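Input: a single structure, listed below in structure tokens.
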Amino acid sequence: MINLYGVTLSKLEKMMLEEGQSKFRAKQLFTWIYEKGCIDFDDMSDISKSFREVLKEKYCLKKPSIFVKQVASDGTIKLLLEMDDKSKVETVLMRYNYGNVICVTSQVGCNMGCSFCASGLLKKQRNLEVSEMVGEILVMNDLLKESNEKITHVVVMGTGEPFDNYDNVIDFIRIINDQKALAIGARHITVSTCGIPDKIIQYGKEGLQVNLAISLHAPNNEIRNRIMKINRAYPLEKLIPAVKEYIDLSGRRVTYEYIMIKGINDSIECAKQLIELIKPTYAYVNLIPYNPVIENGYERAESSAVHAFMDYCIKHGVNTTIRKEFGTDIDAACGQLRAKHERRD
Ligand code: SAH
């Protein structure tokens with residue numbers, strides 16, 4: 001069975017032609033699925049009964065189910081979703097003043113092995129399917145419908161490394177960005193990577209106007225090797241030129257994410273090195289106060305250190321912000337996502 005939530009419009013057009021249907025059938029299906037929210041082929045009244053039978057035989061419209069729902073004091077919603085094969089993943093809704101942002105998970109577990117992150121405590125079990133990632137948004141939209149709201153922004157910053165599931169993530173973006181589907185503007189979509197150079201360059205060639213964030217977290221190889229395993233495979237002298245090439249290809253600025261961990265990477269000397277490192281890429285910096293993960297023993301940098309770091313960067317011409325925190329009381333903040341319930345089983 002092919003889950004239609006995972007099929008881009010252009011792929012569906014091809015599939016319809018192969019079924020002996022007109023290309024238009026694909027647009028019609030998209031309208032039923034996304035605009036009208038139809039979940040039963042029998043309700044698609046302008047599609048012939050005989051073709052509805054074909055659809056029912058080969059295709060399905062399946063969303064993940066909600067296993068646990070938690071709501072934080074700030075209104076953040078964290079869902080533990082269960083997939084068809086019983087795999088469980090977390091997804092988070094954050095309420096910014098400019099819109100409803102969903103943090104989408106791209107893999108079950110993660111193999112990147114960053115020492116500060118909870119998501120890697122469960123090794124990668126598998127990639128998420130396109131339909132499962134689209135499903136994360138659909139399920140959240142179903143909840144928001146009650147208050148006449150919907151998802152307006154998407155960050156692929158949940159569990160997993162999106163560029164280790166590249167093709168599915170790109171199809172996912174094409175679907176949610178499609179005017180006929182969820183119509184989420186490209187500039188409202190951000191993918192975050194721990195830094196896989198060839199995929200960063202490939203992403204620059206997709207012709208998508210989506211945003212890219214790089215989890216940098218360190219100003220030199222010595223510190224980055226210590227906290228991010230990926231740096232041993234792709235050190236900064238490979239990563240930074242790839243980012244530069246991405247910028248040249250896409251014409252878009254990137255954001256560097258930088259977690260502030262006490263005594264590890266939070267000194268002014270680090271800020272100085274960071275500025276030198278990223279100079280050729282003319283980028284933004286987003287400082288993330290480290291969120292506690294019981295297993296790893298790191299501590300959050302002092303607020304004064306975070307502000308001093310930010311002030312130093314800004315003074316030296318780098319546009320720097322501190323990431324607003326959401327849902328810390330339900331372990332929904334950056335780096336805290338994991339399939340906790342599954343781990344207890
Ligand atoms: N694998 C991708 C997508 C995950 S994004 C990536 O690495 O970018 C999740 C973001 O949260 C990353 O920037 C990650 O480094 C950051 N993060 C991980 N653990 C954290 C923690 N304990 N506190 C704050 N941020 C954390």
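Owing to the predicted nature of the structure, the values given are computational and were not obtained by experimental measurement. Ligands are counted one by one from 1 in listed order, and the atoms in each one are counted from 1 as well.
Only the backbone of Thr193 comes within 4.0 Å of ligand 1, judged by heavy-atom distances. When non-hydrogen atoms are compared, ligand 1 lies under 4.0 Å from the side chain of Ile259 (C-beta onward) but not from its backbone. Counting heavy atoms closer than 4.0 Å to ligand 1, residue Met112 contributes nothing at all.
A salt bridge between Glu132 and Arg126 is present, with a side-chain N of the basic residue lying under 4.0 Å from a carboxylate O of the acidic one. Salt-bridge annotation for Lys58 and Glu19: present, with a side-chain N of the basic residue lying under 4.0 Å from a carboxylate O of the acidic one.
The distance between the ring centers of Tyr256 and Tyr258 does not fall below 6.0 angstrom. Not less than 6.0 angstrom separates the ring centroid of Tyr59 from the ring centroid of Phe41.
Both tests hold for Lys199 against Tyr166: distance to the six-membered ring centre under 6.0 Å, angle to the ring axis within 45°.
Any N or O atom pair closer than 3.5 Å counts here, and His217 shares at least one such pair with ligand 1.
For the residues Gly120, Ser115, Ala118, Ser192, the heavy atom positioned nearest atom 2 (C) of ligand 1 is part of Ser192.
Proximity of Gly158 to ligand 1 is established by a heavy-atom distance of less than 4.0 Å. Proximity of Gly160 to ligand 1 is established by a heavy-atom distance of less than 4.0 Å.
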TODO: Kindly determine whether Leu287 and Thr320 satisfy side-chain contact (heavy atoms from CB on, under 4.5 Å), including the steps that lead there.
DONE: CA-CA 7 Å; Leu287 299 176; Thr320 305; 3.9 Å; yes
